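Just so you know, these numbers come straight off a predicted model, no measurement behind them.
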Amino acid sequence: MTNRTLCALVSAALLPYPALAGVILPREPGSKPLVLRKQRIQVDVRDQVARATVDEVFENLLDQPVEGSYVLPLPADAAISGFATWVDGKRVESKVEEKAAAHDRYEEAKASGDKPALLESEAANRFRTRVDGIPAHGTKRVEASFAQILHYDDGLVSLRLPLAVEGVGGAEPVGEFAVAIDVADQKRITRLDVTSHPAKVERLPSGAYRVSLAGKDVVPGSELVLTYRTESSRLGLSFVPFKPEGDEGYFLLLASPQELTTQADLVHKDVVFVFDTSGSMRQEQKIEQARAALKRCLSNLNPDDRFGIVAFSDGLNPFAAELKPATAASLDEAQRFADALEASGGTNIEGAMLRGFAMLGASDRPKVMLMMTDGVPTMGVTDPEAISQAVRAGNPTGARVFTFGVGSDVNRTLLERLGKQNRGAVDFVAEGQSIDAVVGGFYARISKPVLSDLGFDFGGVTTAFQYPETLPDLYKGSQLVVVGRYRGAGKARASLNGTLNGKRISIPFEAEFPATAPRDTFVARLWAQRRIDFLLSQNRLNGEQAEAKDEVIRLSKQYQILTPYTAMVAVKESPLLAAVTPARVKPGDPEVAVRAPRDAKVALELPTFGLSPKARWNEDRGLWVARFLVPPGTPDGSYPIRVDITFADGTRRLLAESIAIDTAAPAFTADAESVRAGQPVRLHATAVASPFELLAAYARPDGAEAARALFDVRGITAHLWDGRDLPLRLVPGSHGFTVFAETNTTLAPGRYPVVFTAQDFAGNSAQSTTFIEVRR
């Protein structure tokens with residue numbers, strides 16, 4: 001019976017819009033869905049970083065087993081940190097591998113009945129999991145975990161935890177439902193509220209909080225909203241280091257120096273709004289939304305700001321020839337200008353942006369350009385590279401450029417380049433999203449700048465690979481988030497330096513960089529995610545570079561982070577702790593692979609050869625691997641290998657393995673049927689051994705191994721008279737290999753040669769030639 005492919009809409013995030021709970025629906029209309037029987041969500045929030053685990057049990061109500069497809073949408077700044085599934089009551093952890101290798105491993109495990117799972121990136125911030133082995137009328141347990149830095153706004157930290165998938169099958173009850181949230185912060189938490197659910201809130205003696213809610217057969221609702229307010233010094237600093245023994249350190253720094261600022265500290269700025277009014281803006285009421293977004297931006301100007309507007313299509317339509325002060329009269333006039341905007345014509349992005357830079361001029365104020373478009377350039381300069389160069393050249397005074405793409409027809413790479421190359425940012429308004437909510441809401445957050453031209457001084461401690469590379473400006477109510485590596489140790493007399501209303505200021509603070517700090521491992525993962533994001537961004541902007549791709553894959557495997565090049569595969573591991581690969585070899589250099597934790601110690605000994613090969617940890621395979629040399633001339637036979645594993649807790653395991661030396665070519669017979677031209681011919685080969693060879697094998701001390709070696713045929717290939725090479729397939733339950741070869745109807749009667757080549761697992765090979773008879 002063919003497995004049905006299922007689609008699960010499941011969200012795993014702490015920001016709106018994705019959902020943590022899910023429902024698995026068959027594609028076939030009318031089929032019963034997999035229902036959610038249990039859902040347990042554990043969230044640990046510490047120093048504004050949330051680490052969440054979603055543990056769910058689904059029940060298959062269908063009359064046949066299925067392979068499920070489990071989709072997890074995530075926000076842009078959340079990173080998958082783990083995935084697991086349960087097989088035969090045991091938890092099977094995932095491992096990051098390159099996509100092709102992960103797919104091969106999944107299919108092999110599926111064919112073997114091992115009930116694997118595969119998690120991979122489907123699109124930006126969207127992940128798909130294939131889960132095999134969901135039995136008929138049975139259950140499947142899956143677990144996903146991730147880390148995320150929570151949203152911060154003027155001292156208020158928000159955790160938004162969606163609890164159900166909206167618009168999919170209605171609001172279905174969950175059999176067992178439980179949420180547990182622990183919240184702690186270096187800064188003092190003055191208040192914590194759960195506004196969406198009647199949750200139990202406890203304040204612990206340490207000042208941390210514990211939040212819980214649970215129920216049976218309940219509809220949890222759409223979203224749990226938790227907020228907490230922090231109080232701190234003027235700098236508002238959280239500094240979290242992580243330093244494993246023998247490696248460089250990592251740090252996470254969150255700074256909010258505007259927490260105690262006043263209106264007098266706000267920077268006076270010049271702003272130009274560059275808004276697309278081309279003909280495509282008539283679709284889906286985009287022009288109406290653009291007018292509302294522009295009016296909202298205007299309403300967030302400060303009294304001492306100056307502003308300009310450049311509406312553009314194939315031509316330019318400025319509000320005024322030069323910047324206007326943000327007085328009540330000029331703002332009223334600008335609101336009327338926004339109301340009158342109509343959509344028509346093409347899209348001249350380069351001309352509009354250069355006109356905006358000319359309006360900003362060379363004043364000593366901070367300068368901001370906010371550009372919104374819903375299409376690709378069609379008028380004026382249309383080449384993206386030429387536009388990028390022109391914009392950079394046309395912005396000599398360093399105006400911050402924030403770009404927004406509306407819908408799916410924009411050149412995302414161009415908008416990303418324009419934002420990042422001009423010390424701004426980029427965002428996109430998806431189909432169905434409100435332009436006003438995204439563009440207007442963003443400008444409301446950046447409308448009150450406090451510090452610009454930022455930089456850190458960490459004293460005698462050397463920091464490297466810091467992200468973001470160029471620090472953004474700080475706005476009232478916003479927060480600076482920095483991750484990096486460090487060398488050296490000790491307390492640093494550090495400072496955050498910046499410009500406040502034209503004057504350079506320095507805010508001192510102390511940061512301790514410890515020699516060892518093994519607790520907060522998540523900091524390393526956050527750094528690795530930012531490094532991966534940087535490399536992927538460079539590949540998008542500049543074309544894919546092999547070195548960057550290789551580093552992304554290496555970081556993905558080392559830190560177990562999903563990327564477009566990798567996947568997480570969960571396969572039940574073999575109970576064997578050690579295996580010799582290959583188990584049967586010619587004299588040469590085989591390897592021993594030992595499945596043991598990375599913090600274990602592994603020692604090997606080959607007493608026959610007097611060797612003690614050194615085992616080394618292989619990061620890509622997650623195994624200890626040792627290679628050694630079998631001396632030439634070593635007689636065929638089995639030779640012992642002793643494996644000594646010492647675990648971190650002091651316990652030991654002694655394992656006895658062996659290596660088989662095999663220099664004998666595989667013995668086999670081959671035959672071919674006679675056929676008429678145009679009919680397929682059956683080619684067949686079988687591993688054989690003579691009675692004498694069997695007696696000699698059993699006379700060896702390792703008789704069983706010797707007998708196996710006689711029938712050791714890894715594969716057979718047939719080379720046909722016309723140059724074709726056809727691999728023969730092993731017939732299950734036998735030593736026979738078969739393939740059917742097509743013949744041409746024009747093939748003349750006669751005998752045609754077929755050369756069979758057999759190879760065993762040790763690499764020995766043998767050949768045999770036979771003939772097919774082609775009849776009239």
Side-chain angles (χ1 to χ4, degrees), residues 8-22 39-56 70-85 91-96 102 117-131 141-152 157-165 178-183 223-224 226 240 242 250 252 254 467 481 483 520-533 536 552 555-564 566-570:
L9 298 174
V10 174
S11 129
L14 294 180
L15 289 180
Y17 301 98
L20 283 170
Q39 180 190 29
R40 297 182 182 275
I41 304 170
Q42 175 69 52
V43 186
D44 179 26
V45 179
R46 181 153 45 89
D47 299 322
Q48 210 181 311
V49 177
R51 284 155 293 166
T53 299
V54 186
D55 188 349
E56 295 178 319
Y70 189 65
V71 181
L72 294 84
L74 292 179
D77 53 354
I80 287 281
S81 58
F83 176 77
T85 184
R91 186 177 187 274
V92 180
E93 184 68 58
S94 64
K95 177 184 175 184
V96 171
L118 180 75
L119 177 67
E120 60 186 317
S121 174
E122 185 182 48
N125 310 313
R126 187 179 177 91
F127 302 91
R128 177 176 295 278
T129 306
R130 292 168 62 189
V131 184
R141 183 179 176 186
V142 293
E143 177 188 294
S145 56
F146 60 93
Q148 181 186 12
I149 299 174
L150 295 182
H151 180 65
Y152 173 97
V157 181
S158 300
L159 167 67
R160 306 183 72 91
L161 191 63
L163 299 176
V165 178
V179 178
I181 307 170
D182 292 322
V183 181
E223 186 176 59
L224 185 150
L226 180 152
V240 186
F242 168 66
Y250 305 77
L252 165 67
L254 302 99
Y467 298 101
V481 179
V483 294
D520 295 309
T521 57
F522 70 89
V523 176
R525 297 179 61 86
L526 289 175
W527 173 84
Q529 182 67 54
R530 294 295 194 272
R531 172 70 178 162
I532 287 171
D533 291 343
L536 292 175
V552 168
L555 291 170
S556 175
K557 291 180 178 180
Q558 181 178 351
Y559 295 92
Q560 295 294 289
I561 296 172
L562 274 181
T563 70
T566 56
M568 278 183 174
V569 61

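With contacts defined as side-chain heavy-atom distances shorter than 4.5 Å, the pair I149/L252 qualifies. Proximity of V43 to L226: side-chain heavy atoms (C-beta onward) are nowhere separated by under 4.5 Å. The side-chain heavy atoms of S94 and L119, taken from C-beta on, include no pair separated by under 4.5 Å.
Contacts of K95 classified as salt bridge (charged side-chain N to carboxylate O under 4.0 Å, His left out), with partners at least two apart in sequence or in another chain: none. Judged as a side-chain hydrogen bond (donor to acceptor under 3.5 Å, both in side chains), and not counting sequence neighbours, the contacts of S145 are S81. Scored by the side-chain hydrogen bond (donor to acceptor under 3.5 Å, both in side chains) test, R525 finds no partners at all (sequence neighbours excluded). Partners of S556 by side-chain hydrogen bond (donor to acceptor under 3.5 Å, both in side chains), not counting sequence neighbours, listed by chain and number: T566. By the side-chain contact (heavy atoms from CB on, under 4.5 Å) test, A102 pairs with E97, L118, A567, V569, sequence neighbours left out. Listed by chain and number, the residues in a side-chain contact (heavy atoms from CB on, under 4.5 Å) with A180 are Q42 (sequence neighbours excluded). Residues satisfying the side-chain contact (heavy atoms from CB on, under 4.5 Å) criterion with D47, sequence neighbours excluded, are D185, Q186, V240. When the side-chain hydrogen bond (donor to acceptor under 3.5 Å, both in side chains) test is applied to R91, the partners found at least two apart in sequence or on another chain are E93, E143. Shown here are the ring-ring contact (aromatic ring centres under 6.0 Å, His included) partners of F242, two or more places apart in sequence or in another chain: Y250. R531 meets the side-chain contact (heavy atoms from CB on, under 4.5 Å) test with F465, Y467, W527, F534, L535, E551, L555; sequence neighbours excluded.
Applying the 6.0 Å contact sphere to CZ of R46 captures more than 12 heavy atoms from other residues, nucleotides or ligands.
A distance-only check finds a donor-acceptor pair linking the side chain of Q48 to the backbone of L150 [under 3.5 Å].
To the nearest 0.5 Å, atom CG of residue D55 and atom CZ of residue R40 are 8.0 Å apart.
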